[in-house]
Each structure stands twice: as C-alpha cells, then as structure tokens.
Amino acid sequence: MTEELSKVYEPKEIERFAEKIWESGNYFHTEPPAKGGRNSTAYTIVIPPPNVTGALHMGHAIDNTLQDVLIRFKRMQGFNTLWMPGTDHAGIATQSVVEKNLKAKTGKTRHDVGREKLVEMIWEWKEQYGNRILGQLKRIGASCDWQRTRFTLDQMCAKAVRHTFVNLFKKGLIYRGKRLVNWDSVLQTAVADDEVVHKTIKGNFWYIKYPLDDGSGFVTIATTRPETMLGDTAVAVNPKDKRAKSLIGKRLQLPLTGRVISIIGDDYVKLGEGTGFLKVTPAHDPNDYEIGLRHKLEMINILTPDGKINENGGKFAGMDRYAARKAIVAELESLGLIEKIEPREHEVGHSDRSGDIIEPYLSDQWFVKVGPLAKNAIEAVESGKVKFHPERYGKSYLDWLYGIRDWCISRQLWWGHRIPIWYCGNCEHINTGIDDPTECEKCKSKDLKQDPDVLDTWFSSALWPHSTLGWPEQTEELKFYYPTNTLVTARDIITLWVSRMVMMGLENMGQVPFSDVFIHPTILDGNGERMSKSKGNGIDPLDIIDTYGADAMRFSLCQMTTESQDLKLPVTKDEHGKNISEKFDIGRNFCNKVWNASRFSMMNLEGLNYDAFDAAKLHITDKWILSRLAQTVNEVTTKLDSFEVSEPLMAIYRFFWNDLCDWYVEWIKPRIKDASQKDAPQNVLAFVLDYTLRMLHPFIPFITEGIYQKLNEVAPKRGLKGITNNQGTNSNNEITKKQETNSNAEALIIAQWPKGLDKFIDAKTESEITTVQETVRAIREIRNKYTVAPSKKLAASANAPADTAKILNDNADLICDRANLEKFSASPEMAKPENAAASVIEQTQIFVEGLIDAQAELKRLGKQRDEIMAGVKGNESKLSNANFISRAKPEVVEQTKQRLAELKEQLAVIENNIAALKNSH
RNA sequence: GGGCGGUUAGCUCAGUUGGCUAGAGCGCCUGCCUUACAAGCAGGAUGUCACAGGUUCAAGUCCUGUACUGCCCACCA
C-alpha cells in the first residue's frame with residue numbers, strides 16, 4: 001500500500017491491510033470515561049451471541065453486518081461505542097451435538113463417560129468452535145471489542161445467573177412443581193413450549209371400543225395415540241350429550257389392562273367432536289391433565305424417560321412407545337375392539353433440537369412465575385421505552401407476553417448453569433445461595449445434595465445485556481454502558497430472547513436493556529425456504545467473502561435490507577463447489593468502482609496544495625458536486641438514525657457513481673491537468689472523496705480504510721481552506737479523541753462523520769447543471785440513434801428561452817466535453833439548420849447537425865410525439881374535470897396547467913419538425 | 001384455529017405523508033477496449049403494479065373481499 005493503488009482491486013489484500021491498521025490502533029476497544037456515569041456519549045450494542053454449536057451462516061452475516069454499520073456510524077459520530085461480543089453455550093444444542101459425536105466415534109453414550117467427563121468434552125468443543133465463530137465475525141469486519149468477549153457460561157455470566165436465580169427464588173418467583181412438561185425422549189429432558197415445533201404429520205385416528213363393566217355394550221373413543229390408553233383413568237363425555245345421563249357414573253373395562261375406569265361428565269368434551277367420548281390420560285395429555293385435576297383422577301405415568309413403556313404398561317413394559325402402539329393396535333384388533341381406522345393429518349409437537357416427537361410427561365421441574373415480570377415487559381413496550389423497528393414487530397412481542405405461561409427453566413442436562421439448589425438429607429428444607437452452602441440453613445445438617453438439573457439456556461441469555469457488563473457488581477462499565485442502545489436481530493427470537501431480556505433487565509437493573517430493537521429481514525434460499533443445517537441450504541459467509549470480498553458481501557446485504565420481512569438469496573455452486581450468487585455482483589461492482597475512482601483521484605492529486613485553495617475560484621461543477629455531497633450527507637445521516645439501511649446506502653451509491661464519477665470526475669479532467677486551474681478541482685476532489693469514504697465506511701469498511709490511508713499519504717493536508725472548519729472531537733472517548741487533528745484522521749474508522757455541510761447546498765447551481773445534463777443526454781441519444789462513432793465530433797445548437805440559453809452558453813464547454821461536440825451555442829432565435837436532427841426538452845430544441853437520415857428522424861420524432869401526446873391527453877382530461885379544479889389542491893392544479901402548456905408547446909415544435917421533414921421529401 | 005407479511009420489468013427487489021410519463025441492480029438489445037474502471041462507458045427495449053369491488057378530483061399507495069404464497073403463535077381427542 002505504499003505504492004500507488006494497484007491496478008486491480010484485490011479484496012483479500014485490502015482486508016488484511018485494514019485489519020492491521022485497526023488492530024494496531026486498538027480502535028475496537030473502549031473504556032468508560034474516567035469521570036464515570038451513563039451519559040449521552042455512550043452507544044452500546046450487545047451481540048446476539050451465536051451458538052457455539054456450529055458455523056455462522058448468512059443470517060449471522062446480515063445480523064452482524066448491520067450491527068457493525070450502526071457501531072461504526074456511531075463511533076464516527078464521536079460516541080463512546082461499545083460492541084460487546086460473545087457466544088452462547090446453547091445447552092441442549094451443544095450437548096446433543098457432542099453426544100452424537102461421541103456416539104459416532106466411540107459408540108458410547110453420556111452415561112458411559114459420566115457427567116464430569118462429558119462436560120469436559122463439551123468445553124473442548126466450545127474452545128474449537130467458539131473460536132471459529134469469532135474468526136468468522138472478524139472476517140466479516142465486525143468491530144467488536146474483542147477484549148471483552150464473553151461466553152454465557154463463563155465466570156462473569158455464571159455469577160449473574162446465580163444472583164438472579166437466588167433473588168427470584170427468595171421473592172417466590174421461582175418454584176418447583178410436578179407438572180406436565182414437554183419431554184424429549186432422545187435428549188431425556190424437559191423443553192420449553194417454544195422449543196417445540198409443530199409439524200403436520202400423517203397418522204391415524206383409531207376408534208377403540210371400551211366395554212361397559214356390566215356387559216351392556218361399549219363406548220367408542222377415538223385417539224391418535226392408542227398406546228396412551230395404558231394410562232387412561234377415565235372416559236369423559238359432555239354432560240349435555242344425549243347419551244350422558246345414562247352413562248355418567250358407569251364403569252368401563254379398560255382393554256388390555258383389566259383396569260376398571262369410570263365415565264365422567266366434563267364440559268371440555270366438545271359435542272360432535274370425534275365419537276363424543278374422550279379417553280382421559282392425565283399423565284400424558286395437557287387437557288386430560290386439567291380434567292384429571294378437576295375430577296381428582298389417578299395420574300398414571302406409563303413412560304420411561306427414554307420413551308419406553310414403563311412397568312405400568314403391563315406386558316408392553318420395556319417396548320418403545322411406537323412399537324407398543326403397533327402391538328396394542330394389533331392386539332385390540334384381534335380382540336375385535338377396533339371399530340375403524342381413519343387416516344388423519346394432525347399437528348404433532350417435535351423437539352426443536354432432537355427432532356423427536358415430544359411427549360407430555362409428568363415430572364418435577366423448576367418454573368419461573370412470569371406474570372409479574374411479563375407485566376413490566378409489556379409496559380416497557382406499550383409506553384415506548386422500548387421501540388421496535390419496523391413497528392409491527394412490537395405486536396408479536398406483546399401478543400406473546402399477554403398469553404404467557406410459567407416458564408419451565410430446568411433441563412435434565414449436564415451442559416449449562418447448574419441449578420443453585422441443595423436438598424437437605426435430614427429435613428425437607430430447600431437451600432439456595434449465591435455461594436455453595438455447606439450446611440442446611442434450617443437443621444445445620446451437612447448432608448446437602450445439589451439439584452442435578454441445569455437451567456434453560458435462555459435463562460442466561462436473558463441476562464446478557466447486563467451480565468456481560470459485570471452485574472451484579474456495580475462496575476464502571478455497567479454504569480456507563482447500560483442500558484444499551486440497540487438490539488439487532490431477526491424476528492424469530494423476539495419472543496424467546498428479546499422479551500426475556502426486557503423482563504430480566506427490568507427485574508435486575510430496574511431499567512430496560514435497550515431502547516430500540518432493530519428487526520432485519522430473514523435470509524431464505526432461492527426457493528423461499530429458511531436456511532438450516534438439516535436442509536443443507538445454508539451458505540457460509542466465507543464462501544461469499546472468498547469470491548466477492550467482505551465489503552462486497554456487506555454492501556449487498558445492506559442494499560437488500562429494507563423493511564420487507566424476507567430476503568430470497570438464490571445461489572449456485574461455482575467450479576470449486578463454493579456458493580455464489582449474482583446478488584453480490586452489485587457490491588463487487590461498486591467496490592471496484594470505488595477502487596478505480598480512488599485510483600484516478602490519487603493519480604491526479606499529486607502536488608495538491610491546500611493553501612492555494614481559493615473559494616472565490618470555485619467552478620460551477622465544484623459548487624455542484626459540493627451541493628450534491630451536502631444533500632447526500634443529510635439524507636444518509638437522517639435515514640441511518642431511523643434504522644433505514646438500503647436507502648442511505650443507495651443514496652451514496654447514486655451520488656458516488658452517477659454524480660461524482662459520471663459527471664464531476666469527467667468534467668474536471670481538463671482543469672486538473674492545467675496548472676493554472678488545478679487548485680480548486682484538486683482540493684474539491686480530495687475533499688469530496690474523503691467525505692464519501694467516511695459515509696461509505698460503515699457499510700464497506702475495509703476498502704474505504706485502505707483508500708483513506710493512501711489518501712492520507714497523497715494529500716495529508718486537505719479540506720477547503722476558509723470554508724470547512726477542521727472538525728475537532730465531540731467525545732469523551734480516549735480513542736475518538738484521536739480524531740482528526742487537522743482535517744483528516746489517522747484512520748478512517750475514527751474519522752468524524754460528515755456534518756455541517758449545509759452551506760454548500762445550492763439549488764440554483766443544481767438546477768443549472770441538471771439543464772446541462774439533460775442537454776448532453778439529448779445529444780447523446782441522437783448520436784446513438786444515428787450510430788455516430790463515439791470519437792466523431794459533431795456540431796450542435798439550441799433554440800431556447802433567453803435564461804436557458806444563457807445557462808447553456810455559459811456552460812457550452814461542459815456540454816461539448818460530455819457530448820463530444822466541436823461547438824455548441826444557444827439562443828432564442830436559433831433556427832434549425834438544414835440536415836439537423838432535433839430533440840425537444842422543456843422549452844428547448846436541440847439541434848445536432850449533419851445527420852440527414854429523414855426516415856430515422858421521422859421514426860424518432862414520431863415516438864417522441866406519441867409520448868408527449870399521452871402526457872397532453874392525461875393533463876387535459878384532468879383539467880376538463882370540474883371536480884379536479886375545485887377540489888384538488890391549488891398548487892396541484894397550477895402545476896398541471898403549466899405542465900400542459902409546456903407539453904403543448906413541445907408537441908407543436910415536434911409536429912413542425914415532422915411536417916418540415918415530410919415536405920423536404 | 002388466531003396473528004403478521006408478501007404478490008410491481010425475464011430474475012431479485014425499491015417505491016416515505018395518495019399527485020408530473022412507476023424505479024434500481026442483474027439479465028437482454030445497439031454502439032464503444034475513449035489513459036481510473038469491459039467488474040467499465042454511452043444509449044435502448046421491457047409493467048393490466050395478483051384479482052374484484054369501494055373511497056377520492058386523483059389509488060401501486062387508503063378501505064373491503066377473493067386467490068395464491070411465506071412466517072409466527074396455538075393443548076383440540
């Protein structure tokens with residue numbers, strides 16, 4: 001990078017270069033100011049900690065890119081900016097991956113190796129894969145404060161978890177109880193409601209006859225899970241059912257078990273549903289459980305933790321539940337007790353982690369009583385203390401909280417935060433403590449046994465915004481960086497995670513954990529399906545980075561980040577088997593354009609003289625590009641602040657490519673080569689490039705930093721002398737104090753975000769240049785239509801109203817330059833030369849001389865006439881409508897009138913030209 | 001079953017409070033290797049804004065309904 005910019009843009013090279021700059025300046029790291037206290041100069045984001053189970057995919061890429069955009073934007077604005085990184089231990093997910101691995105390699109189960117050994121193995125796994133994830137984040141360009149990297153299971157987080165549990169337990173908000181929970185028979189643990197995914201599967205509806213005890217017949221029940229009959233303790237019927245009166249209270253012989261059960265009446269049974277008779281299995285169905293409680297029925301558990309029939313299943317004991325289902329159906333069939341079998345599709349809960357079918361299972365579990373916590377979390381959003389962007393996602397958050405049920409937080413796993421509860425061997429007392437208790441609080445017995453279960457992963461994730469800052473210690477970090485500012489995530493964890501962070505943040509800190517929740521689109525594959533490992537449709541961001549570069553990937557992802565809820569990302573494989581997608585072309589092409597425009601600039605900034613700059617000598621094109629820059633800065637800043645990403649990025653894109661490259665750079669080429677004129681364009685170019693790099697930096701940090709460093713070498717002293725003030729620092733942050741001492745900073749990452757350019761906004765200049773550009777385009781169009789060689793110089797002229805003619809004449813050199821003309825002039829009296837092609841813009845006729853193909857000209861003009869005619873008709877019909885005149889806003893009516901008058905004039909001119917052409921034949 | 005989205009050019013998508021002839025990128029067509037850039041330059045073609053009603057002077061935009069489609073939530077045997 002010490003030589004001039006290489007001819008070809010090489011993303012890898014510049015990525016490595018920029019990384020080194022950032023590392024050597026330690027710019028990602030930040031500390032609270034010495035004087036302390038949370039104030040408006042802090043800006044904090046905590047990363048949604050990726051699970052250590054695997055590698056990152058494009059969903060993470062977009063999530064972290066957007067966080068980095070915000071962080072870099074705010075850092076440049078001078079905030080003391082902390083992006084807290086880390087990973088999540090992801091209890092079930094990680095343990096099951098390691099267990100599978102163990103089984104595949106050694107054939108052993110977790111019980112073979114034991115708790116301690118298994119946990120050790122998982123830690124090893126975590127080291128390996130956690131580091132890989134952090135490596136991926138670095139490649140994406142994430143400017144996290146890596147020195148603060150946390151893990152949900154590390155000492156600091158563990159302390160926070162322990163405190164939270166003990167506090168809630170002492171408040172009575174955590175309790176233990178025997179409840180029907182979602183049981184995963186593969187992982188052998190309870191899982192939360194939201195870890196259960198419902199899938200439609202094809203099953204059967206089995207109609208089974210239960211004989212009446214008195215031999216007077218039978219009732220028929222219908223079920224999708226026949227094996228659960230082993231646990232039936234009643235059959236229910238709606239009391240309003242016609243058959244109810246004679247049957248309630250009667251007794252049934254439960255087939256295969258010989259158990260006698262009663263027929264009971266319960267409103268829950270819906271009339272006309274099934275057979276009208278409902279088998280009641282309180283230990284294996286949530287509704288039946290409720291019925292069981294109401295009627296004080298016996299609850300018979302028929303399953304073992306690993307999903308087999310237990311000793312209560314008689315001769316079916318020991319069979320897998322699905323084998324038992326078959327056997328039971330077969331036996332019932334042979335007994336003639338199956339009335340019929342109907343195929344039926346129904347919703348069945350599956351474990352999100354193991355994929356196993358969830359069984360409702362009665363067991364002792366720990367719960368959080370969420371009512372009071374949810375109430376506060378609801379209030380936080382309803383009062384606007386926490387805002388969702390886009391707003392509509394606030395509704396799913398609130399809906400969920402309004403319907404919330406107690407949260408089962410215990411898991412029968414080994415990987416996770418162990419529940420800080422000790423049972424006394426001598427009395428019934430349940431002990432808890434922030435430190436491990438050594439004796440029972442009540443009877444002083446030393447016979448204590450810790451609860452074997454661990455906590456749901458989300459319990460520790462819920463504390464993430466404050467646990468990572470050191471809570472419960474009142475650290476300087478906690479005081480300064482909490483509450484955090486923005487949480488960036490996808491919509492699928494609004495309930496699982498966002499809501500719980502709000503609950504726990506309010507509970508532990510008394511303050512919301514963040515003020516804004518930025519929900520970005522979900523990335524789907526080309527078929528519109530969600531990416532997942534099992535489907536094999538996930539895309540590794542490193543594939544994309546290898547092919548297109550990190551900046552190109554970031555650009556494209558940002559460009560796609562609109563308010564829509566999904567992003568389709570069709571990919572194909574290249575010859576090396578890497579995923580590629582033309583969606584990233586826009587980013588790659590743009591980065592290439594930035595590279596080349598910068599190369600051009602560097603080549604033309606040699607000898608830049610800051611002190612020679614004279615504001616009085618600014619050319620109209622200089623004023624124009626500065627005005628465009630100022631407008632763009634304003635738009636970008638406003639939109640980024642309101643969580644728009646695509647729009648501000650595309651505003652810079654248009655400015656950079658269409659204004660700066662297509663017009664300004666071309667226009668200054670002659671002046672910049674002329675020693676007597678070069679000072680203004682050189683200084684303006686350096687300034688505009690500098691400020692454009694600043695705006696682009698949050699989106700494409702590597703390439704902009706690389707170029708900025710080069711710019712610092714080529715033009716160490718820059719800015720517009722006498723106009724732009726050297727921008728100082730507005731921060732308390734030690735790092736950002738290093739911000740520009742002159743007009744430039746030592747690194748772009750800490751350069752000041754552009755501001756205060758409103759003085760450059762110049763509507764008159766912009767409108768004049770627009771007139772010039774339209775004229776150039778009209779001439780080019782004619783050239784193209786006549787396939788005039790680009791190198792051939794032509795002569796052109798224009799008939800225009802006096803004011804327009806003046807603008808055109810004043811800028812004739814600009815027009816000649818961009819339309820490749822040898823001469824151009826305009827006046828209100830200008831006549832159309834013989835053999836000239838003509839075009840009409842507004843009140844102006846453009847003539848390009850020497851083009852005499854009458855046929856082609858007629859065709860061109862005919863088309864132009866049709867277009868204008870359509871406009872005339874549209875406006876006429878509006879104006880002939882009395883209601884339009886009377887009801888539309890006066891300025892709209894006035895506009896329409898003017899527009900119509902203009903169009904009519906143009907039409908007349910074109911028709912004259914057409915007539916003249918025809919006559920000349 | 002409840003809730004939230006989507007349907008705009010061949011493809012992937014923008015379109016803020018209703019208001020000039022509905023836009024971008026890619027792809028396509030024509031002409032250019034013009035000393036920053038062929039990953040480029042100049043120009044061009046392409047739309048019943050899903051469908052049906054309604055409100056309005058005016059609807060891609062607001063309202064109602066329909067169709068298709070995606071996601072979230074949900075204990076129906």
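Every chain is numbered from 1 and lettered A, B, ... according to where its sequence line falls, protein lines coming before strand lines.
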Next item on the list: Could you state the atom-to-atom distance from CZ of A:Arg654 to P of B:A14 in whole Å?
Entry: 15 Å
Note to self: With a 4.0 Å limit, can you tell me whether A:Thr562 has a side-chain N or O closer than that to the phosphate oxygens OP1/OP2 of B:A14?
What the structure shows: yes
Check: Is A:Lys593 touching bases, backbone alone, or none of the nucleic acid, heavy atoms closer than 4.0 Å?
Finding: base
Checklist line | Atom pair CD1/CG of A:Ile341 and A:Asn204 - distance to nearest 0.5 Å | finding: 6.0 Å
Next item on the list: Could you tell me whether A:Asp662 contacts a base, only the sugar-phosphate backbone, or nothing, with contacts defined as non-hydrogen atoms closer than 4.0 Å?
Entry: sugar-phosphate
Next item on the list: Dot-bracket for RNA chain B, please, read 5' to 3', with Watson-Crick or G-U wobble pairs under 3.5 Å on both distances, ( ) within the strand, [ ] crossing, | other strand, . unpaired.
Entry: (((((((..((((.....[...)))).(((((.......))))).....(((((..]....))))))))))))....
Check: Quick one: which of B:A24, B:C13, B:C76 gets closest to the side chain of A:Lys270?
Finding: B:C76
Check: Across the strands shown, which category fits A:Lys279 at heavy-atom distances under 4.0 angstrom: base, sugar-phosphate, nothing?
Finding: nothing
Check: Atom CD1 in A:Ile221, atom OG1 in A:Thr275: separation rounded to 0.5 Å?
Finding: 7.0 Å
Note to self: Strictly below 4.0 Å: does A:Asn589 bring a side-chain N or O up to OP1 or OP2 of B:C26?
What the structure shows: yes
Next item on the list: Report yes or no: is the cationic atom of A:Arg500 (NZ for Lys, CZ for Arg) under 6.0 Å from the centre of the six-membered ring of A:Trp407, at an angle within 45° of the ring normal?
Entry: yes
Margin query: Output the rounded distance in Å from CD (A:Gln864) to C1' (B:U21).
Written below: 13 Å
Check: Could a donor-acceptor pair under 3.5 angstrom be found where the side chain of A:Arg599 meets the base of B:U35?
Finding: no
Next item on the list: For B:C11 and B:C51, measure between their C1' atoms and round to the nearest Å.
Entry: 23 Å
Note to self: Parallel, tilted or perpendicular: which one describes the rings of A:Tyr207 and A:Phe205, with boundaries at 30° and 60°?
What the structure shows: perpendicular
Next item on the list: For A:Arg225, report the nucleic acid contact type (base, sugar-phosphate, nothing); a contact means any heavy atom under 4.0 Å.
Entry: nothing
Checklist line | Neighbours of RNA chain B within residues 546-559 of chain A, by heavy-atom distance under 4.0 Å | finding: none
Check: Roughly how far apart, to the nearest Å, are B:U30 and B:C71 at atom P?
Finding: 42 Å
Notebook entry, point to check: Do other residues, nucleotides or ligands put more than 12 heavy atoms under 6.0 Å from A:Glu391 CD?
Noted result: no
Check: For A:Val893, which contact category applies under a 4.0 Å heavy-atom criterion: base, sugar-phosphate, or nothing?
Finding: nothing
Notebook entry, point to check: Counting any heavy atom closer than 4.0 Å, what does A:Trp206 reach on the DNA or RNA strands: base, sugar-phosphate only, or nothing?
Noted result: nothing
Next item on the list: Give A:Glu894 one of three labels, base, sugar-phosphate or nothing, depending on what nucleic acid heavy atoms sit under 4.0 Å from its own.
Entry: nothing
Next item on the list: On RNA chain B, check which nucleotide each of A:Pro286 and A:Leu524 is closest to and give me the residue with the more 5' one.
Entry: A:Leu524
Note to self: Treating A:Thr547 as the side-chain partner and A:Ile544 as the backbone partner, does any N or O pair qualify as donor plus acceptor under 3.5 Å?
What the structure shows: no
Checklist line | Length of the line joining A:Ile782:CD1 and B:G43:C1', which is rounded to integer Å | finding: 12 Å
Check: Which residue, A:Asp492 or A:Phe205, contacts RNA chain B at a nucleotide closer to its 5' end, judged by nearest heavy atom?
Finding: A:Asp492
Note to self: Do A:Glu781 and A:Ser839 pair up side chain to side chain, a donor and an acceptor below 3.5 Å, judged on atom types alone?
What the structure shows: no
Notebook entry, point to check: Which residues satisfy the side chain to side chain contact (heavy atoms under 4.5 Å, CB included) test with A:Val714, sequence neighbours excluded?
Noted result: A:Met602, A:Leu605, A:Lys710
Note to self: Closest approach to the side chain of A:Ala597, judged atom by atom: which nucleotide of B:A39, B:A36, B:G43 is it?
What the structure shows: B:A36
Checklist line | Nearest atoms (heavy-atom pairs only) where A:Gln682 meets A:Glu606 | finding: NE2-O, 3.1 Å
Next item on the list: Take the protein atom CH2 of A:Trp663 and the nucleotide atom C1' of B:A42, then report the distance between them rounded to whole Å.
Entry: 10 Å
Margin query: According to ring pair (Phe, Tyr, Trp, His ring centres under 6.0 Å), who are the partners of A:Phe699, at least two apart in sequence or on a separate chain?
Written below: none
Checklist line | Which nucleotide in B:A14, B:A36, B:C75 has an atom nearest any side-chain atom of A:Glu647 | finding: B:A14
Notebook entry, point to check: Going by atom types only, do A:Tyr210 and A:Asp232 share a side-chain donor-acceptor pair under 3.5 Å?
Noted result: yes
Check: Between the main-chain N or O of A:Thr281 and the side-chain N or O of A:Asp285, is there a donor-acceptor pair closer than 3.5 Å?
Finding: no
Check: Are OP1 or OP2 of B:G40 and a side-chain N or O of A:Asn596 less than 4.0 angstrom apart?
Finding: no
Notebook entry, point to check: Of all the nucleotides listed (B:A36, B:A77, B:A24), which has the minimum atom distance to the side chain of A:Phe600?
Noted result: B:A36
Checklist line | Sugar-phosphate only, base, or nothing, as touched by A:Glu582 at under 4.0 Å among non-hydrogen atoms | finding: sugar-phosphate
Item checked: Within residues 395-405 of chain A, residues whose heavy atoms come under 4.0 Å of RNA chain B -> A:Lys395, A:Asp399, A:Arg405
Next item on the list: May I ask you to say what A:Val665 touches in the nucleic acid, namely base, sugar-phosphate or nothing, with a heavy-atom cut-off under 4.0 Å?
Entry: base
Next item on the list: Would you classify A:Arg899 as touching base, sugar-phosphate or nothing, given that sugar-phosphate means primed atoms plus P, OP1 and OP2, and contacts are heavy atoms under 4.0 Å?
Entry: base
Notebook entry, point to check: Which part of the nucleic acid does A:Cys661 contact within heavy-atom distance under 4.0 Å: base, sugar-phosphate only, or nothing?
Noted result: base
Margin query: At 4.0 Å (heavy atoms only), tell me whether A:Arg777 reaches a base, stays on the sugar-phosphate, or touches nothing.
Written below: sugar-phosphate
Notebook entry, point to check: Is the base of B:A14 touched by the side chain of A:Glu644 through a donor-acceptor pair closer than 3.5 angstrom?
Noted result: no
Check: So, A:Ser646 versus A:Gln559: side-chain donor-acceptor pair below 3.5 Å or not?
Finding: no
Item checked: Gap between atoms CD1 and P, on A:Ile668 and B:A36 respectively (whole Å) -> 11 Å
Note to self: By the 4.0 Å heavy-atom rule, please label A:Lys669 as base, sugar-phosphate, or nothing.
What the structure shows: base
Margin query: Counting the atoms with a prime plus P, OP1 and OP2 as sugar-phosphate, which does A:Ile586 contact under 4.0 Å by heavy atoms, base, sugar-phosphate, or nothing?
Written below: sugar-phosphate
Checklist line | Check: A:Val237 main-chain N/O paired with A:Asp241 side-chain donor or acceptor under 3.5 Å | finding: no
Would you list the atom pairs, donor with acceptor, under 3.5 Å between side chains in residues 393-405 of chain A and any protein atom, with sequence neighbours excluded?
{"unit_1": "A:Ser396", "atom_1": "OG", "unit_2": "A:Tyr393", "atom_2": "O", "d": "3.1"}
{"unit_1": "A:Tyr397", "atom_1": "OH", "unit_2": "A:Ala377", "atom_2": "O", "d": "2.9"}
{"unit_1": "A:Tyr402", "atom_1": "OH", "unit_2": "A:Glu382", "atom_2": "OE2", "d": "2.7"}
{"unit_1": "A:Arg405", "atom_1": "NH2", "unit_2": "A:Asp193", "atom_2": "OD2", "d": "2.8"}

Notebook entry, point to check: Starting at CH2 of A:Trp667 and ending at P of B:A36, how long is that distance when rounded to a whole Å?
Noted result: 18 Å
Margin query: Has A:Glu774 got a side-chain atom pairing as donor or acceptor with A:Ile841's backbone, closer than 3.5 angstrom?
Written below: no
Note to self: With a cut-off of less than 4.0 Å, is there a side-chain N or O of A:Arg780 near OP1 or OP2 of B:G43?
What the structure shows: yes
Next item on the list: Find the distance A:Asp288:CG to B:C76:P and express it as a whole number of Å.
Entry: 13 Å
Checklist line | Nearest to side-chain heavy atoms of A:Tyr653, which nucleotide of B:G43, B:G19, B:G25 | finding: B:G25
Item checked: Listed nucleotide nearest any side-chain atom of A:Lys785, set B:G44, B:A24, B:C75 -> B:G44
Check: What is the distance from CZ of A:Arg818 to P of B:U34, rounded to the nearest Å?
Finding: 14 Å
